[in-house]
Amino acid sequence: MTDEQRELARCRQEIARLKQLVVQLSELVLRNVAENAKGRKSQCGDALGRIE
């Protein structure tokens, strides 16, 4: 295996690792957005309850 082939293999591994990190980060962001939306919905419900 040449140096160039080894570097290409290393780059491919790094790209695969970075893709997995992007997936994990996306999952965290989506979970956070969903939890925040649920919290805001709950707060709106509380405010409406006080108005009525």
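Since this is a predicted model, take the numbers as computed values, not measurements.
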Does any pair with a residue in residues 18-27 pass salt bridge (Lys or Arg N to Asp or Glu O under 4.0 Å), and if so which ones, sequence neighbours excluded?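 Those involving residues 18-27 do not exist here.
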
How far apart are the closest heavy atoms of R6 and M1, and which atoms are they?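 Heavy atoms only, the tightest pair is NH1-O, 2.7 Å.
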
Non-neighbouring partners of [X] that pass side chain to side chain donor-acceptor pair (under 3.5 Å), sequence neighbours left out:
X: E35; answer: none
X: R17; answer: E14
X: R31; answer: none
X: Q24; answer: none

How is the hydrophobic cluster of L8 composed, in terms of its other members, when Ile, Leu, Val, Met, Phe, Trp and Tyr link through side-chain heavy atoms under 4.5 Å apart, directly or indirectly? none

Residues sharing V22's hydrophobic cluster, by side-chain heavy-atom contacts under 4.5 Å among ILVMFWY, directly or via others? none

For [X], all residues meeting side-chain contact (heavy atoms from CB on, under 4.5 Å), sequence neighbours excluded:
X: V33; answer: V29
X: N36; answer: N32, R40
X: E4; answer: T2

R10: salt bridge (Lys or Arg N to Asp or Glu O under 4.0 Å) partners, not counting sequence neighbours: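 Here the qualifying residues are E7.
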
